[in-house]
Amino acid sequence: MTTIKLHNTRTRTKEDFVPISADNVRMYVCGPTVYDRAHLGNARPVVVFDLLYRLLRYTYGADHVTYVRNFTDVDDKINATALARQKAGAAGTLEQLVQERSDETIGWYLHDMGALGALEPNEMPRATQYIGQMIAMIEGLIEKGHAYAAEGHVLFAVDSWKEKYGALSGRSVDDMIAGARVEVAPYKKNPMDFVLWKPSTDELPGWDSPWGRGRPGWHIECSAMSYELLGDSFDIHGGGNDLMFPHHENEIAQSCCAHPEGDFARVWLHNEMLQVEGKKMSKSLGNFFTVHDLLEQGVPGEVIRFVFLQTHYRKPMDWTEKKAREAETTLRKWRALTAGIEPAASAAPAVIAALSDDLNTAGALAELYRLAADGDVADLLASAQLLGLLVPEMGAWADTASVDLTAHADRLADARAVAMQNKDFSEVDRLKAAYLAAGVEVRMSKEGVELVPGAGFDAAKLEGV
């Protein structure tokens with residue numbers, strides 16, 4: 001059996017992965033808060049851990065891997081949307097409108113992540129389905145002296161775990177207090193104590209509890225759901241590195257204190273963040289967009305996945321239009337090469353070796369390029385499919401790969417050359433508009449003109465242009 005090596009955030013070393021039980025390899029990944037469409041950065045951990053899921057299934061067997069990714073459907077932003085709809089005259093109680101909003105955004109999320117080739121996890125629990133289990137865990141923490149009730153709140157007492165709190169992120173409690181924006185509240189015994197339960201007003205969703213009507217804090221959700229679905233010890237816990245502190249530190253503290261007989265998660269994996277054209281993605285910079293936005297613009301989900309895989313998960317990833325264009329060109333070539341071919345019985349050993357080395361996707365892609373250059377198309381297809389590429393259900397966008405638009409590109413290039421001389425660009429604009437209306441991507445640069453069939457390409461619309 002292939003030995004998988006993974007970089008464990010907890011030990012800060014790359015280790016041989018040895019599951020607790022090879023018959024049931026268990027992985028938990030923190031999922032989205034479902035208040036709106038998933039932006040491009042939200043998709044990176046989905047692709048990273050989907051790849052790990054595929055590798056684990058390949059290594060141990062599809063029936064011997066359990067992957068859990070949660071939905072946080074208790075959130076102020078969800079409540080705000082539901083309240084706005086209620087005030088606008090929407091039918092139903094606030095609780096019903098909250099659930100409608102959650103159902104809507106979960107549907108969007110699964111559709112968009114599916115477009116990136118992500119397999120659905122074995123379990124996708126919603127926080128609202130596990131309120132009883134959260135209350136029970138909080139009661140246990142209070143009984144063990146690790147939590148206390150105050151003014152309708154319940155807080156975890158960090159001092160009860162002070163010797164170990166911060167081990168994941170490598171920071172002491174004092175350092176974290178100095179460097180973090182902690183909520184100052186008179187009912188806290190320690191500024192670092194975090195909320196397990198908080199009061200809920202009558203007009204907002206809430207649940208009855210021993211501490212009054214309220215709702216859970218964010219951190220307790222994952223601890224309760226992972227315990228119920230994976231037990232007190234499981235193999236892998238993953239997420240973006242922005243979750244390392246405070247979310248994952250708090251998960252460890254409350255889970256280990258609630259179930260000291262277990263290890264909680266043995267291996268911790270964290271992916272780095274995403275940039276756009278070399279800058280942090282933000283609405284103020286105008287470079288913020290969702291996965292849905294890209295799909296609507298005609299960028300295939302397979303292309304997005306390919307760009308993600310070019311960068312190692314522990315390095316910052318830079319999304320650029322140039323990378324997307326190059327990925328599309330490569331995938332079209334590979335799909336043309338493998339058309340009508342049956343994949344090999346297994347992926348190429350070099351590809352498996354690269355992925356098994358802490359998900360070295362760049363090395364795996366380099367091997368795919370070599371297989372394509374050597375004409376080893378059966379191995380290319382099997383290896384690409386292990387990475388979630390060249391799978392049949394993602395190939396509709398490339399059905400136009402055989403369309404030859406050279407004559408149209410030459411025509412536009414000639415029109416541009418004439419326009420540069422007489423300063424009249426009306427014909428260039430007319431041609432561009434006609435090509436765009438036909439679903440053709442128009443790429444004009446100093447090097448020349450390139451026309452590429454887009455996802456909505458309609459050859460009939462080119463007649464008479």
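Here the structure is a predicted model, which means the values were calculated and not measured.
- Inter-residue side-chain proximity for I220 and Q254 is flagged as met; some heavy-atom pair is nearer than 4.5 Å.
- The pair K323-D318 fails the salt-bridge criterion, with no side-chain N (NZ, NE, NH1 or NH2) lying under 4.0 Å from an Asp/Glu carboxylate O.
- A 6.0 Å sphere centred on OH of Y35 holds no more than 12 heavy atoms belonging to other residues, nucleotides or ligands.
- Side-chain N or O atoms of H153 include one that pairs as donor or acceptor with a backbone N or O of E151 at under 3.5 Å.
- No more than 12 heavy atoms of other residues, nucleotides or ligands sit less than 6.0 Å from atom CD of Q99.
- Atom CD of E321 has 12 or fewer neighbouring heavy atoms from other residues, nucleotides or ligands inside a 6.0 Å radius.
- Remark: R305 does not engage E328 in a salt bridge, criterion side-chain N to carboxylate O under 4.0 Å.
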Go through the steps for T13 and H7 under the test side chain to side chain contact (heavy atoms under 4.5 Å, CB included), then give the verdict. CA-CA 5 Å; T13 58; H7 185 275; 5.8 Å; no
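- Remark: aromatic rings of F306 and W334 are close, center separation under 6.0 Å.
- Residue L387 comes nearest to A364 through the heavy atom pair CD2-CB, 4.1 Å, listed as atom of the first residue, atom of the second, then distance.
- Within the 3.5 Å criterion, the main-chain N or O of I20 finds a donor-acceptor partner in the side chain of D235.
- Of the possible polar contacts, none joining the R443 side chain to the E441 backbone as a donor-acceptor pair under 3.5 Å is found.
- Looking only at atom types and distance, the side chain of T330 has no donor-acceptor partner in the side chain of E326 under 3.5 Å away.
- Side chain to side chain, E249 and S169 meet the donor-acceptor criterion of an N or O pair below 3.5 Å.
- Between I304 and L294, the closest side-chain pair of non-hydrogen atoms falls below 4.5 Å.
- At a cut-off of 3.5 Å, with distance as the only test, a side-chain donor of H219 or N250 sits close to an acceptor on the other residue.
- Ionic pairing of R370 and D379 is not present here: no N-O contact between side-chain nitrogen and carboxylate oxygen is shorter than 4.0 angstrom.
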Given H270 and T9, is the side chain to side chain donor-acceptor pair (under 3.5 Å) satisfied, shown in steps? CA-CA 7 Å; H270 292 92; T9 305; 2.8 Å; yes
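- Using a 4.0 Å cut-off between charged nitrogen and carboxylate oxygen, R126 and D103 count as a salt-bridge pair.
- In summary, of the residues considered (L56, L230, L229), a side-chain contact (heavy atoms from CB on, under 4.5 Å) with T66 occurs for L230 alone.
- Pairing each heavy atom of D73 with each of A127, the nearest pair is OD1-N, 3.2 Å.
- The shortest side-chain heavy-atom distance between F264 and S233 does not fall under the 4.5 Å cut-off.
- Under the 30°/60° scheme for interplanar angles, the aromatic rings of H248 and W268 are found to be tilted.
- In this structure, the side chains of E261 and C256 stay at 4.5 Å or more apart for every pair of heavy atoms.
- How far CZ of F17 is from CD1 of I4: 6.5 Å, rounded to the nearest 0.5 Å.
- Between the side chains of Y60 and D23, not a single donor N or O lies within less than 3.5 Å of an accepting N or O.
- Taking the six-membered ring for Trp, W218 and H247 have ring centres closer than 6.0 Å.
- Taking all atoms of both residues into account, the shortest heavy-atom contact from L97 to A91 is CD2-O, 3.4 Å.
- Using a 4.5 Å heavy-atom threshold, the side chains of T3 and S356 count as separate.
- Under the 3.5 Å distance criterion, the side-chain polar atoms of S383 are left unmatched by any main-chain donor or acceptor of L380.
- Salt-bridge annotation for D358 and K5: absent, with no side-chain N of the basic residue lying under 4.0 Å from a carboxylate O of the acidic one.
- Residues T361 and L309 approach most closely at OG1-O, 2.6 Å, considering heavy atoms.
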May I have the list of side-chain donor-acceptor pairs in residues 133-150 shorter than 3.5 Å, sequence neighbours left out?
residue	atom	partner	partner atom	Å
H146	ND1	S160	OG	2.8
Y148	OH	K189	N	2.8
Y148	OH	D193	OD2	2.6

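- Ring pair Y227/H259 is parallel by interplanar angle, where below 30° counts as parallel and above 60° as perpendicular.
- Pairing each heavy atom of R69 with each of C30, the nearest pair is CG-C, 4.4 Å.
- Between the R101 side chain and the A80 main chain, no donor and acceptor come within less than 3.5 Å of each other.
- Checked by atom type and distance alone, the side chain of D263 never pairs as donor or acceptor with a backbone atom of A265 at under 3.5 Å.
- Checking S21 against N24 by side-chain atom types alone, no donor-acceptor pair falls below 3.5 Å.
- In this structure, R57 is positioned above the aromatic face of Y53, its NZ or CZ under 6.0 Å from the six-membered ring centre and within 45° of the axis.
- Here the CE atom belonging to M124 is positioned 10.0 Å from the OH atom belonging to Y109, to the nearest 0.5 angstrom.
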Report the C-alpha separation of L155 and K188 in whole Å, then their side-chain angles, then the decisive distance to 0.1 Å, and conclude whether the side chain to side chain contact (heavy atoms under 4.5 Å, CB included) test is met. CA-CA 8 Å; L155 296 108; K188 283 189 174 185; 3.7 Å; yes
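- M273 is listed as a side-chain neighbour of D242, based on a closest heavy-atom distance under 4.5 Å.
- By the 4.5 Å heavy-atom criterion applied to side chains, F156 and C257 are counted as neighbours.
- No side-chain donor from either of H312 and E272 sits under 3.5 Å from a side-chain acceptor of the other.
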Report the C-alpha distance between L110 and E120 in whole Å, list the side-chain angles of each, state the deciding distance to 0.1 Å, and finish with yes or no for side chain to side chain contact (heavy atoms under 4.5 Å, CB included). CA-CA 8 Å; L110 293 176; E120 290 193 359; 4.1 Å; yes
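- Rounded to the nearest 0.5 angstrom, I352 CD1 and T59 OG1 are separated by 7.5 Å.
- Annotation: side chain of S226 is not in contact with side chain of V68 (no heavy-atom distance under 4.5 Å).
- Under the 30°/60° scheme for interplanar angles, the aromatic rings of Y165 and F194 are found to lie parallel.
- Atom CG in L119 sits 15.0 Å away from atom CZ in F49 (nearest 0.5 Å).
- Distance check: N79 CG to L94 CG gives 6.5 Å after rounding to the nearest 0.5 Å.
- Salt bridge absent: R37 and D293 never bring a charged side-chain N and a carboxylate O closer than 4.0 Å.
- With N360 contributing its side chain and G363 its backbone, the two residues share a donor-acceptor pair below 3.5 Å.
- Partner of E302 under the side-chain contact (heavy atoms from CB on, under 4.5 Å) criterion, chosen from L331, L116, V391: L331.
- Nearest approach of A350 to E367, heavy atoms of both residues: CB-CD, 3.5 Å.
- One N or O on the side chain of N287 and one on the backbone of S282 form a donor-acceptor pair closer than 3.5 Å.
- The CZ atom of F308 sits 7.5 Å away from the CZ atom of R44 when rounded to the nearest 0.5 Å.
- Between the side chain of T105 and the backbone N or O of V34 there is at least one donor-acceptor pair closer than 3.5 Å.
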Mind running side chain to side chain contact (heavy atoms under 4.5 Å, CB included) on K77 and T81 for me, showing each step along the way? CA-CA 6 Å; K77 291 180 180 178; T81 300; 5.7 Å; no
